[in-house]
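Notes follow the structure.
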Amino acid sequence: MQYWLMKSEPDVFGIDDLADCPNQTDHWDGVRNYQARNMMRDQMQQGDQVLFYHSNTKVPGVVGIAEVVREGYPDHTAFDPEDPHYDPKSDPDNPRWYMVDIRFVRKLDRTISLTELKELKDRPEMADMPLVRKGNRLSVMPVTPEQWQFILGLE
DNA sequence: GCCAACGTTGGC
DNA sequence: GCCAACGTTGGC
C-alpha cells in the first residue's frame with residue numbers, strides 16, 4: 001500500500017464535492033501531465049491512501065483523506081470534443097491519458113496549510129517532499145510513510 | 001490579477 | 001536535438 005497527494009481546485013472540485021458524489025466516489029479525470037499520468041496508470045493501487053489537497057485557493061493545503069478504489073484506466077474526457085480536457089491526440093484505441101477512481105474517507109479536523117508545511121520543510125520527515133519545493137506543479141505526487149504520519153500528526 | 005516556474009510544441 | 005515561444009499551474 002502506498003500514499004499519495006492529489007491536488008484539486010476547490011472551486012472546481014473540492015473535498016466536499018467528493019463527499020457528495022454517489023458512493024462518495026469519483027474519477028480523477030483531466031490530468032494532462034505525463035508524470036502524473038504515469039503514476040496513476042502504473043503505480044496507484046486499490047487501497048492506496050490519498051491526501052486530498054486544495055490548490056489555487058485562499059488557504060491552500062491538505063483538507064482530507066481519500067482512497068484509491070479503481071486502478072488506472074483510460075480518461076474518457078480526452079475523447080470528448082465538448083469536454084474542456086479534450087485531447088484530439090488521445091485515441092480510444094491507444095489512450096494517452098489515464099485516471100483512477102477515489103473514494104472519500106474523511107475530512108481533516110482542520111486544513112493543514114501549505115504555509116505551515118513550508119515552515120516545517122526542514123524537518124527530517126519532510127525531506128524531499130515536492131509539494132514544499134519551489135515551483136512545484138505536479139498535481140499527483142507520492143508521499144512517503146514518514147511524510148504521511150508527520151502531516152496527519154499535525155491535525 | 002500578477003507573474004515565476006516549468007512543461008510542451010514546433011520550427012529549424 | 002536544440003531552444004524560443006507559448007500555455008498552464010498555482011502561490012501570493
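Hydrogens, waters and symmetry mates are skipped; everything else that's a heavy atom, side chains included, is used. Numbered from 1 within each chain, the chains take letters A, B, ... in sequence-line order.
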Exceeds 12 heavy-atom contacts within 6.0 angstrom, atom CG of A:Asp42 |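 More than 12 heavy atoms, drawn from other residues, nucleotides or ligands, come within 6.0 Å of this atom.
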Over how many whole Å does the gap from [X] atom [atom1] to [N] atom [atom2] extend?
{"X": "A:Glu9", "N": "C:dT8", "atom1": "CD", "atom2": "P", "answer": "13 Å"}
{"X": "A:Asp11", "N": "C:dG10", "atom1": "CG", "atom2": "P", "answer": "14 Å"}
{"X": "A:Leu138", "N": "B:dG7", "atom1": "CG", "atom2": "C1'", "answer": "11 Å"}
{"X": "A:Leu5", "N": "C:dT9", "atom1": "CG", "atom2": "P", "answer": "17 Å"}
{"X": "A:Leu114", "N": "C:dG10", "atom1": "CG", "atom2": "P", "answer": "11 Å"}
{"X": "A:Gln35", "N": "C:dT9", "atom1": "CD", "atom2": "P", "answer": "15 Å"}
{"X": "A:Asp87", "N": "B:dG7", "atom1": "CG", "atom2": "P", "answer": "18 Å"}
{"X": "A:Leu131", "N": "B:dC6", "atom1": "CG", "atom2": "C1'", "answer": "16 Å"}

Hey, is the side chain of A:Arg137 pairing donor to acceptor with the base of C:dT8 inside 3.5 Å?
->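 Yes, a donor-acceptor pair under 3.5 Å.
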Does A:Asn56 or A:Lys134 map to a spot on DNA chain B nearer the 5' end, using the closest nucleotide for each?
->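 The 5'-side residue here is A:Asn56.
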Taking for each residue the nucleotide of DNA chain B bearing the nearest heavy atom, is the 5' side occupied by A:Asn136 or by A:Arg96?
->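 Between the two, 5'-proximity favours A:Asn136.
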Which one of A:His85, A:Arg41, A:His27, A:Arg32 satisfies the side-chain hydrogen bond (donor to acceptor under 3.5 Å, both in side chains) criterion with A:Asp75?
->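 Per the side-chain hydrogen bond (donor to acceptor under 3.5 Å, both in side chains) rule, the option paired with A:Asp75 is A:Arg32, out of A:His85, A:Arg41, A:His27, A:Arg32.
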B:dA5, C:dC12, B:dG10: which one has an atom nearest the side-chain heavy atoms of A:Lys89?
->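 Of the options given, the side chain of A:Lys89 lies nearest B:dG10.
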Choosing from C:dG11, B:dG7, B:dC6, which nucleotide comes nearest the side chain of A:Asn33?
->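 Per side-chain heavy atoms of A:Asn33, the pick is B:dG7.
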According to a strict under-4.0 Å criterion, is A:Lys7 in side-chain N/O contact with OP1 or OP2 of C:dT9?
->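 Answer no for this pair, as no side-chain N or O of A:Lys7 is under 4.0 Å from OP1 or OP2.
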Considering just the side-chain nitrogens and oxygens of A:Tyr34, establish if one lies under 4.0 Å of OP1 or OP2 belonging to B:dC6.
->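 For B:dC6, OP1/OP2 do not have a side-chain N/O of A:Tyr34 under 4.0 Å.
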Any idea which heavy atoms bring A:Cys21 and A:Asp26 closest together, and the distance?
->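 It is SG-CB, 3.8 Å.
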Check the angle between the aromatic planes of A:Trp28 and A:Phe52 and answer parallel, tilted or perpendicular using the 30° and 60° thresholds.
->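 Perpendicular, since the angle between the ring planes exceeds 60°.
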Hey, which sits more toward the 5' end of DNA chain C by its nearest nucleotide, A:His85 or A:Lys58?
->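 Counting from the 5' end, the first nearest nucleotide belongs to A:His85.
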Please say which of A:Val50, A:Ile102, A:Ile15, A:Val105 ends up in a side-chain contact (heavy atoms from CB on, under 4.5 Å) with A:Ile65.
->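 Going through A:Val50, A:Ile102, A:Ile15, A:Val105 one by one, the side-chain contact (heavy atoms from CB on, under 4.5 Å) with A:Ile65 is satisfied by A:Val105 alone.
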Would you classify A:Lys118 as touching base, sugar-phosphate or nothing, given that sugar-phosphate means primed atoms plus P, OP1 and OP2, and contacts are heavy atoms under 4.0 Å?
->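 Result for A:Lys118 = sugar-phosphate.
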